[in-house]
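Written out below as structure tokens is the structure these notes cover.
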Amino acid sequence: MHKRLFIPGPVEVSEDVLQKMATPQIGHRSKEASALQRSISDKMRKVFNTKEEILLSTSSGSGLMEGAVRSCTAKRAAVFSVGAFGKRWFEMCTANGVPADKFDSEWGQPTTPQMLEEALSTGKYDLITITMNETSTGLMNNMEALSSIYKKYPEVIVCVDSVSNAAGTVIKVDEWGIDICITSTQKCLGLPAGMAICTFSKKAVERAKQVTNRGVYFDLLGLYDYIQKKDYQYPSTPSLSHMFALDYQLDKILEEGLENRYSRHIACAEIVRAWARKNFEIFPDEKFMSNTLTCVKNTREIDISDLNKKLGEKNIVISNGYGKLKDKTFRIAHMAETTTQEITNLLEIINEILMLK
Ligand SMILES: *Cc1c(COP(=O)(O)O)cnc(C)c1O
């Protein structure tokens, strides 16, 4: 029996989208493949609010995160970390020999404009990474406020992890001056895992040209050059199954309307937040709550794995805390196609199990 996923990726995928994954294969050097990949890129530009190039990668989002810091750091990277995924980006830097420093916020607290200003004013850095929506803590950074600082430093390449919020909450790549904005298919886009997508600005292209050891598979300049020359085809064989499903799902997303989609995510978030405040507490600073998942502080010290076991009997699953927050928090994702009705039903079931009113 299938369990309905309320975890922050992979998410529940609609039956019609799943069916698209079973489309018969086409040659990856065919005109149809070019048209398919161009179509996806055009639609993703709308999601990201950008005129810049889109790169598609047959990998999860981590691949493009690694590719971004390796392809575009000429001098030194400043990694602003608000949880587990910022930490991972720093590890990618060191493992690839990319000089980097990490600027940590306490878990549940955002990256602040002051932190950016202090780091960037040293002149040491030519690339920064920011986690827009941190899935381990349920926190969303204020990109508008952060952009007002880093825009004063035009030599800096801005990389943003929007893996768990793209297509779930508004992202203004061009207005916010983001050079590389990354997401994966298995979160708010509502598809199976296995593909990642990023924006790639002209500024990032110019920078990557100055970097020598960019690797091969995740060399973002290599991908960029190839799709310019080969009409949106990629150097290696992509997951065409994902492409079929993504192109179809993007039509559905644009048909729903991005604004409507974002409002639905917020409506779901507000239901979970009200419930969490009544019965528990919200983990992150309330000024920076994520719209796509809620991280709840386990103030009642409930046994989270036992709760999930009982939810499992009803074919539902939520998420425990991430890493060091494993038993201290639990997380309810309200991503992709999740409706307010589904969220209300979920919380009623949790209330019954925990005997809450
Ligand atoms: C899921 C997630 C990632 C990792 O993405 P993969 O597609 O699993 O590689 C990175 N950052 C954030 C914020 C995430 O939620």
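Order of appearance sets the numbers: ligands from 1, and atoms from 1 within every ligand. Numbers for residues simply follow the sequence, beginning at 1. Remember, predicted model here, so these are calculated numbers, not experimental data. The basis for the numbers below is simple: all heavy atoms, side chains too, and nothing from hydrogens, waters or symmetry mates.
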Salt-bridge contact Arg277-Glu286 (side-chain N to carboxylate O under 4.0 Å) =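 Here Arg277 pairs with Glu286 in a salt bridge, since their nearest N and O are under 4.0 Å apart.
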ask   = Would you call Arg45 and Glu53 a salt bridge, using N to O less than 4.0 angstrom?
value = yes
ask   = Do Trp275 and Phe280 have their ring centres less than 6.0 Å from each other?
value = yes
Aromatic ring proximity Phe90/Phe80, centre distance under 6.0 Å =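 Centroid distance Phe90-Phe80: not below 6.0 Å, so no.
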Heavy atom of the protein closest to [atom] (residue, atom name, distance):
| atom | answer |
| --- | --- |
| atom 1 (C) of ligand 1 | Lys187 NZ, 1.4 Å |
| atom 8 (O) of ligand 1 | Gln186 NE2, 3.4 Å |
| atom 11 (N) of ligand 1 | Asp161 OD2, 2.6 Å |

Heavy atoms of other groups near [X] [atom1], more than 12 under 6.0 Å:
| X | atom1 | value |
| --- | --- | --- |
| Gln25 | CD | yes |
| Lys102 | NZ | yes |
| Lys51 | NZ | no |
| Lys43 | NZ | yes |

Backbone or side chain, does any N or O of [X] fall under 3.5 Å from an N or O of ligand 1?
| X | result |
| --- | --- |
| Glu134 | no |
| Thr135 | yes |
| Thr131 | no |
| Phe85 | no |

ask   = Applying a strict 4.0 Å limit to heavy atoms, is Met132 in contact with ligand 1?
value = no
task = For ligand 1, note which part of Ser60 has a heavy atom under 4.0 Å away: side chain, backbone, both or neither.
result =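 For Ser60, the contact with ligand 1 is made by both the backbone and the side chain.
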key: Where ligand 1 meets Arg88 - atom numbers and elements under 4.0 angstrom, heavy-atom basis   =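 Taking each heavy atom of Arg88 in turn, ligand 1 has 4 (C) under 4.0 Å.
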ask   = Just which atoms of ligand 1 are under 4.0 Å from any heavy atom in Gly61?
value =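 So the atoms of ligand 1 that pass are 6 (P), 7 (O), 9 (O).
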